[in-house]
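The structure appears below as structure tokens.
Residue numbers start at 1 and run along the sequence shown. Just so you know, these numbers come straight off a predicted model, no measurement behind them.
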Amino acid sequence: MAGQIPNEKTIDDTIDLMKEGYLYIKNRTDDYHANLFETRLLGQKAVCISGEEAVKIFYDPEKFKRNGAVPKRIQKTLFGENAIQTLDGKEHLHRKALFLSLMGPDAQQHLAQMVRAAWEARIPEWEQKDRIVLFDIQHVKKKTPAGEWRAFSFFSIVASQNAENLQNVNKQVDKIKVQA
């Protein structure tokens, strides 16, 4: 078997992927004692990779392209259109820098304080209700600069509360200097 890529012996592994989620690849690479294996997902041949070398390959912009790789129905329901997972080149690096800037302890503490203040401000409203469903209230409708009503995550609005409007958020993303 030396030199051969391990292969899942199932007709299709989509259900197992759905059941196991993020552990799907790790479980199999552990079982196979290998950093890659072949399987079938949604009826298509797929090669799953893991480990440090796989990360280098996966993040090499010459080898993988994000834009157009995720079907629109997934973008609309899972990531959101124009999410970082769908961007390439300068756009991706700018958005990545924005997210990484939120990862430091000071930024996380500031974000937590903003979320707490926003939730505490809604307590009087919630005290008037018999029942509160957190999933329902964490999404709110907001008018975009173009005048359209859209549903936004409550947390994304809180995180951008210092911006005058959603267009300013995008302008600020473009201003971020990417560290080489």
Residues that Phe58 engages under side chain to side chain contact (heavy atoms under 4.5 Å, CB included), provided they are two or more places apart: Phe64
By side chain to side chain contact (heavy atoms under 4.5 Å, CB included) - contacts of Glu125 (at least two apart): Arg122, Lys129
Tyr32 reachable from Ile25 in the ILVMFWY side-chain graph, under 4.5 Å edges: yes
Leu23 CG to Thr29 OG1 distance, which is reported to the nearest 0.5 Å: 10.0 Å
By salt bridge (Lys or Arg N to Asp or Glu O under 4.0 Å) - contacts of Lys26 (at least two apart): Asp30
Throw together a table of side-chain donor-acceptor distances under 3.5 angstrom for residues 38-56, partners on residues two or more places apart or in other chains.
from: Glu38; atom 1: OE1; to: Asn7; atom 2: ND2; distance (Å): 3.2
from: Thr39; atom 1: OG1; to: Tyr24; atom 2: OH; distance (Å): 3.3
from: Arg40; atom 1: NH2; to: Gly43; atom 2: O; distance (Å): 2.5

Salt bridge (Lys or Arg N to Asp or Glu O under 4.0 Å) partners for Asp60, two or more places apart: Lys63
Residue list, salt bridge (Lys or Arg N to Asp or Glu O under 4.0 Å) with Arg66, at least two apart or on another chain: Asp88
Spacing of CD belonging to Glu8 relative to CG belonging to Leu17, to within rounding of 0.5 Å: 11.0 Å
Atom of Ile84, atom of His92 and distance for their closest heavy-atom approach: O-ND1, 3.2 Å
Greater than 12 external heavy atoms within 6.0 Å of Ile11's CD1: no
Verdict with reasoning, Glu91 to Asn67, per side chain to side chain contact (heavy atoms under 4.5 Å, CB included): CA-CA 11 Å; Glu91 281 184 304; Asn67 192 336; 5.7 Å; no
